[in-house]
Amino acid sequence: MLDKPPMPTNRLFVDGLTTALAAYLIANYTIDRWKPSTAAQKLDERRLKRVTDYVDAHYAEPIPLERLAAEAYLSPFHFSRLFREATGLTPHRYVTERRVRAAQEALALDRATLLEVAVDHGFGSHDNFTRVFRRSTGLTPGQYRTMFRRLDGPGVVALAEHRKIGR
């Protein structure tokens, strides 16, 4: 057979053997013999801390989901699902809330303009900063700064009261 020129039937013979091998493998090694783990997957504390520490250190920069997933050594899909189960927030929402908390501190302690605070804390523009800040706190950044300065420090308590009454 090796000393003869290739024939069209040779290809047919190889295809037949391939099909027979595939049928054998399917019959003997199919997925129904494999059982998935019954233990629920969770984002363990070490990985969660690694991600939250990364966010704390880099919240002022753009943070893609892929980067956070890489910190947890997971695919973006699995990371998103497990992170939400662990924290109650999506990764995007967690980063946004972290930025808002840092901006609140800056507004209370800093003399920077609202635009400087927005840019320094990872918000793309003043408009985006105002919209996200208001959605999170119930106040605009300017209102928050005014309230905090007027109360000379205990504005956090007043903010909590405002959120209870306003929502």
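Side chains included, hydrogens not; waters and symmetry mates left out as well; all remaining heavy atoms used.
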Could I get the full list of salt bridge (Lys or Arg N to Asp or Glu O under 4.0 Å) partners for R93, not counting sequence neighbours?
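Residues passing salt bridge (Lys or Arg N to Asp or Glu O under 4.0 Å) with R93: E97.
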Applying side chain to side chain contact (heavy atoms under 4.5 Å, CB included), run through Y59 and R101 and close with a yes or a no.
CA-CA 11 Å; Y59 65 82; R101 281 196 323 269; over 6 Å; no
Spell out, yes or no, whether [X] and [Y] are grouped together once hydrophobic residues are joined by side-chain heavy atoms under 4.5 Å, including indirect joins.
X: V132; Y: L65; value: no
X: L114; Y: Y144; value: yes
X: F133; Y: V55; value: no
X: Y94; Y: F123; value: no
X: L107; Y: L115; value: no

How long is the gap from [atom1] on [X] to [atom2] on [Y], to the nearest 0.5 Å?
X: H78; Y: L43; atom1: NE2; atom2: CG; value: 12.5 Å
X: R131; Y: N128; atom1: CZ; atom2: CG; value: 4.5 Å
X: E85; Y: T87; atom1: CD; atom2: OG1; value: 10.0 Å
X: L48; Y: D53; atom1: CG; atom2: CG; value: 9.5 Å
X: S75; Y: R81; atom1: OG; atom2: CZ; value: 8.5 Å
X: L68; Y: L74; atom1: CG; atom2: CG; value: 11.5 Å

Which heavy atom of A106 sits nearest to which heavy atom of H121, and what is that distance?
CB-CE1, 3.5 Å
Heavy-atom closest pair, residues R99 and P62:
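Between these two residues, the closest heavy atoms are NH2-CA, 4.1 Å.
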Could you walk me through whether V95 and H92 pass the side chain to side chain contact (heavy atoms under 4.5 Å, CB included) check?
CA-CA 5 Å; V95 171; H92 178 265; over 6 Å; no
Would you call the rings of F79 and F83 parallel, tilted or perpendicular, where under 30° means parallel and over 60° means perpendicular?
tilted
Evaluate the side chain to side chain contact (heavy atoms under 4.5 Å, CB included) criterion for residues R145 and V117: first the C-alpha distance (whole Å), next the side-chain angles of each, then the deciding distance (0.1 Å), finally the verdict.
CA-CA 11 Å; R145 176 179 269 172; V117 171; 4.1 Å; yes
